[in-house]
Amino acid sequence: MGRREEKFDVIVIGGGPSGMMCAGRAAELGAHVLVLEKNSDLGNKLKKTGGGRCNITNADFDKESFLSNFPKAKRYLYSPYSKFSVSDTFDFFESRGLPLVTEARNRVFPQTQRAQDVFDVLEDYMKEGGVAIRKNVRIASVEKKAGKITSVTDERGQQYYADNFVIATGGLAAPDTGSTGDGMLFLKKLKHTVGEPNPNLVPLKTDTKWIHNLSGITWSFMKIRFVQNGKTQVRKTGKILFTHFGISGPLIINSAYEVKQLLRKGSVEAVIDLFPDTEEKMLDKKMIKLLEKNKDKKMKNVLPDLLFKNIALEILALPNLKMTEAYAKDISREQRKEIVHTLKNLTFPISGTCGMEKAIVADGGVALDEVDFKKMRSRKYDNLYLLGDVLNVNRPSGGFSLQLCWTTGYVAGSDIGMQERRA
Ligand SMILES: Cc1cc2nc3c(=O)[nH]c(=O)nc-3n(C[C@H](O)[C@H](O)[C@H](O)COP(=O)(O)OP(=O)(O)OC[C@H]3O[C@@H](n4cnc5c(N)ncnc54)[C@H](O)[C@@H]3O)c2cc1C
């Protein structure tokens with residue numbers, strides 16, 4: 001049979017987590033499935049998730065509580081979630097030989113701590129069902145006729161035919177992984193409403209040099225406030241990671257959306273309390289003792305007793321302190337209080353959010369009321385399915401994005417597979 005005539009029950013565009021889950025499920029139910037992936041490998045983004053460990057879901061088994069993490073999309077997600085929930089994710093991976101472990105904040109990882117192992121489970125799932133996979137195929141257009149998708153065409157002009165089509169091409173975050181927003185363009189051309197993409201879960205930038213100098217340091221417990229016009233607008237407590245461009249870590253990434261809204265209105269300052277569990281007075285008492293014990297030492301050798309040396313040195317060099325070379329015995333009461341106050345109120349301006357390159361998730365995607373969530377099918381084309389990051393669903397970090405992929409992929413795959421069974 002010539003390639004022109006080759007026809008599948010379903011073509012999945014995009015071999016990310018949602019596309020692979022969908023392909024595997026449809027094939028399990030007997031569908032003839034083809035996955036088209038533009039990269040030379042599937043799942044490039046998946047393999048990077050959770051710093052290579054893959055935060056696969058979030059172990060909140062209460063439906064209401066879990067879905068409250070998707071404030072705007074919650075009402076749409078009840079139906080698909082009732083078909084494939086967090087406990088189904090546990091069953092799916094554990095029954096395929098990948099035990100999962102739950103860490104702080106309900107974040108779930110494979111026990112092996114390897115995202116590659118999550119990928120391997122999905123690859124085996126697809127193999128078992130006989131899914132055909134073509135790599136290095138970038139779909140360039142989607143053709144339609146009379147309310148149906150008829151074919152897709154790659155950039156070399158090769159056309160692919162199927163009864164059903166799945167757009168699982170991801171969003172625009174981290175485009176180096178292959179997610180360059182092609183699906184959004186197809187959907188716009190198909191007259192779907194697609195929101196403007198913006199980096200959403202993303203680290204924050206500052207132009208403050210001394211913060212850049214702290215790059216690589218993780219401070220495991222601090223309080224951060226984002227202040228505008230002297231008023232605290234956002235307040236979070238937890239871990240922070242300093243980077244060569246600013247600040248990062250789950251807590252910061254999850255604040256980015258609100259900070260971005262504030263930045264639209266004016267300037268924003270971050271204020272970090274490095275010792276949120278210790279009142280300023282108590283910290284001052286600690287400092288008095290520290291200075292007395294180390295009278296004859298220079299401050300650059302004294303302050304590192306309280307915090308990482310790099311942070312201590314950057315703080316001592318700040319313009320309001322300038323005490324790096326001062327001896328502890330020479331520190332006045334006012335100077336001591338100023339050090340303590342600075343440790344509780346490290347202040348620097350936020351210049352913006354990092355771009356798509358460093359984003360985990362981007363805003364935008366297809367409008368949710370244009371999707372039938374019982375099947376994950378377009379309401380405009382009854383043989384077109386939309387999954388994962390292609391949907392306009394805001395959510396925090398912590399495994400919620402991948403759960404969205406497992407849920408939407410499974411539901412679409414089931415619907416497609418059941419059609420083939422009935423046929
Ligand atoms: C650094 C990083 C860490 C993350 N960590 C986590 C985490 O720990 N937990 C979590 O829940 N979420 C995490 N996320 C988010 C999560 O990875 C995404 O939400 C998820 O990968 C989306 O899956 P998807 O299937 O919708 O699309 P994607 O994973 O983006 O996959 C889309 C696929 O489609 C292919 N494609 C695109 N256009 C075309 C085309 N025209 N033709 C053919 N193929 C095409 C792409 O090459 C890609 O392989 C992380 C994201 C990043 C960037």
Side-chain angles (χ1 to χ4, degrees), residues 11-23 34-58 69 86 89 103 105-110 113 115 118-119 122 133-142 152-156 158 160 165-187 199-203 248 250 253-254 354-362 365-366 376 385-409 412:
I11 287 176
V12 179
I13 314 167
S18 67
M20 289 190 282
M21 176 58 99
C22 174
L34 172 65
V35 175
L36 299 175
E37 166 57 52
K38 74 175 184 188
N39 288 334
S40 51
D41 279 312
L42 270 60
N44 276 358
K45 193 182 279 186
L46 175 65
K47 290 173 200 161
K48 282 187 162 188
T49 54
R53 297 198 300 133
C54 186
N55 180 188
I56 196 167
T57 186
N58 191 283
N69 290 286
V86 173
T89 300
E103 299 189 2
R105 290 177 284 116
N106 286 337
R107 290 169 312 140
V108 181
F109 294 86
Q113 304 283 307
V118 176
F119 172 80
L122 292 163
I133 297 171
R134 301 228 181 108
K135 300 174 187 173
N136 298 308
V137 174
R138 192 188 144 255
I139 291 305
S141 68
V142 176
V152 292
T153 306
D154 71 18
E155 57 191 348
R156 294 178 212 104
Q158 166 84 47
Y160 302 83
F165 295 85
V166 178
I167 298 187
T169 44
L172 274 104
D176 59 320
T177 59
S179 320
T180 45
D182 294 8
M184 310 296 184
L185 298 178
F186 304 150
L187 287 164
N200 182 355
L201 294 181
V202 63
S248 188
I253 283 169
N254 286 324
C354 291
M356 288 296 187
E357 285 68 26
K358 295 216 159 31
I360 305 282
V361 169
V366 69
M376 297 316 305
Y385 293 79
L386 307 168
L387 311 180
D389 279 4
V390 161
L391 303 159
N392 193 4
V393 175
N394 275 354
R395 68 273 177 182
S397 73
F400 299 100
S401 299
L402 285 176
Q403 183 60 48
L404 184 72
C405 292
W406 314 136
T407 296
T408 56

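Atoms considered below: every heavy atom in the structure, side chains included; atoms not considered: hydrogens, waters and symmetry mates. Starting from 1, each residue takes its place in the sequence as its number. Start at 1 and go down the list; that is how both ligands and their atoms are numbered.
Checking only distances, Asn55 does come within under 3.5 Å of ligand 1, N or O to N or O. Checked by distance only, ligand 1 and Gly50 come closer than 3.5 Å through their nitrogen or oxygen atoms. Residue Val361 places no N or O, backbone or side chain, under 3.5 Å from any N or O of ligand 1.
Only the side chain of Ala174 comes within 4.0 Å of ligand 1, judged by heavy-atom distances. Residue contacts with ligand 1 for Thr57 are absent, since no atom lies close enough (heavy atoms, distance under 4.0 Å). At a heavy-atom cutoff of 4.0 Å, ligand 1 is contacted by the backbone of Ala168 but not by its side chain. The proximity of Lys358 to ligand 1, defined as any non-hydrogen pair under 4.0 Å, does not occur for either the backbone or the side chain. When non-hydrogen atoms are compared, ligand 1 lies under 4.0 Å from the backbone of Ser401 as well as from its side chain. For Asp182, every heavy-atom contact with ligand 1 shorter than 4.0 Å involves the side chain, none the backbone. The proximity of Ala359 to ligand 1, defined as any non-hydrogen pair under 4.0 Å, is limited to the backbone.
Contact of the Asn254 side chain with the Leu201 side chain is registered, since non-hydrogen atoms from C-beta on lie closer than 4.5 Å. Under the 4.5 Å side-chain criterion, counting only non-hydrogen atoms from C-beta, Arg134 is not in contact with Gln158. Counting only heavy atoms from C-beta outward, the side chains of Leu36 and Asp154 never approach each other to under 4.5 Å.
Ligand 1 has no atom lying under 4.0 Å from any heavy atom of Ala140. Heavy atoms of Arg395 approach ligand 1 to within less than 4.0 angstrom. In this structure, Cys405 has a heavy atom closer than 4.0 Å to ligand 1. Within the structure, the closest approach of Leu36 to ligand 1 falls below 4.0 Å when heavy atoms are considered. Ligand 1 lies out of reach of Asp154, whose nearest heavy atom is not under 4.0 Å from it.
Scanning the protein for heavy atoms near atom 42 (N) of ligand 1, the closest one is Ile139 N, 3.0 Å. Closest to atom 39 (C) of ligand 1, if we only count protein heavy atoms, is Thr169 CG2, 3.6 Å. Scanning the protein heavy atoms around atom 1 (C) of ligand 1, the nearest turns out to be Ile360 CD1, 3.9 Å. Protein heavy atom closest to atom 29 (O) of ligand 1, with residue, atom name and distance, is Pro17 CD, 3.3 Å.
Side-chain atoms of Lys358 and Ser248 include no donor-acceptor pair closer than 3.5 Å.
Between the side chain of Thr169 and the backbone N or O of Gly183 there is at least one donor-acceptor pair closer than 3.5 Å.
Considering each of Met20, Glu37, Lys38, the one bringing a non-hydrogen atom nearest atom 35 (C) of ligand 1 is Glu37. Here atom 13 (C) of ligand 1 lies nearest to Thr49 when heavy atoms of Thr49, Ile253, Ile56 are compared. Atom 20 (C) of ligand 1 has its nearest heavy-atom neighbour, among Val108, Thr180, Asp389, in Asp389.
If you number the atoms of ligand 1 from 1 as listed, the ones under 4.0 Å from a heavy atom of Gly388 come out as 26 (O). The Ile13 neighbourhood of ligand 1 comprises atoms 42 (N), 43 (C), with distances under 4.0 Å to a heavy atom of that residue. For ligand 1, the atoms sitting less than 4.0 Å from at least one non-hydrogen atom of Ser179 are 28 (P), 30 (O), numbered in the order shown with element in parentheses. Against a heavy-atom cut-off of under 4.0 Å, Gly16 is close to the following atoms of ligand 1: 25 (O), 29 (O), 31 (O), 33 (C). Close contacts between ligand 1 and Ser18 involve ligand atoms 24 (P), 25 (O), 26 (O) [criterion: under 4.0 Å to a heavy atom]. Atoms of ligand 1 found under 4.0 Å from any heavy atom of Val137 (numbered from 1 in listed order, with element): 42 (N), 43 (C). For ligand 1, the atoms closer than 4.0 angstrom to any heavy atom of Asn39 are 47 (O).
Figure legend: Arg395 and Phe400 shown without cation-pi pairing, the cationic atom not lying both under 6.0 angstrom from the six-membered ring centre and within 45 degrees of its axis.
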Let's go through Phe186 and Ile139 carefully: what are the C-alpha distance in whole Å and the side-chain angles of both, what is the deciding distance for side-chain contact (heavy atoms from CB on, under 4.5 Å) to 0.1 Å, and is it a yes or a no?
CA-CA 10 Å; Phe186 304 150; Ile139 291 305; 3.8 Å; yes
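Put simply, CG on Asp176 and CG on Asn44 are 8.5 Å apart, with the number rounded to the nearest 0.5 Å.
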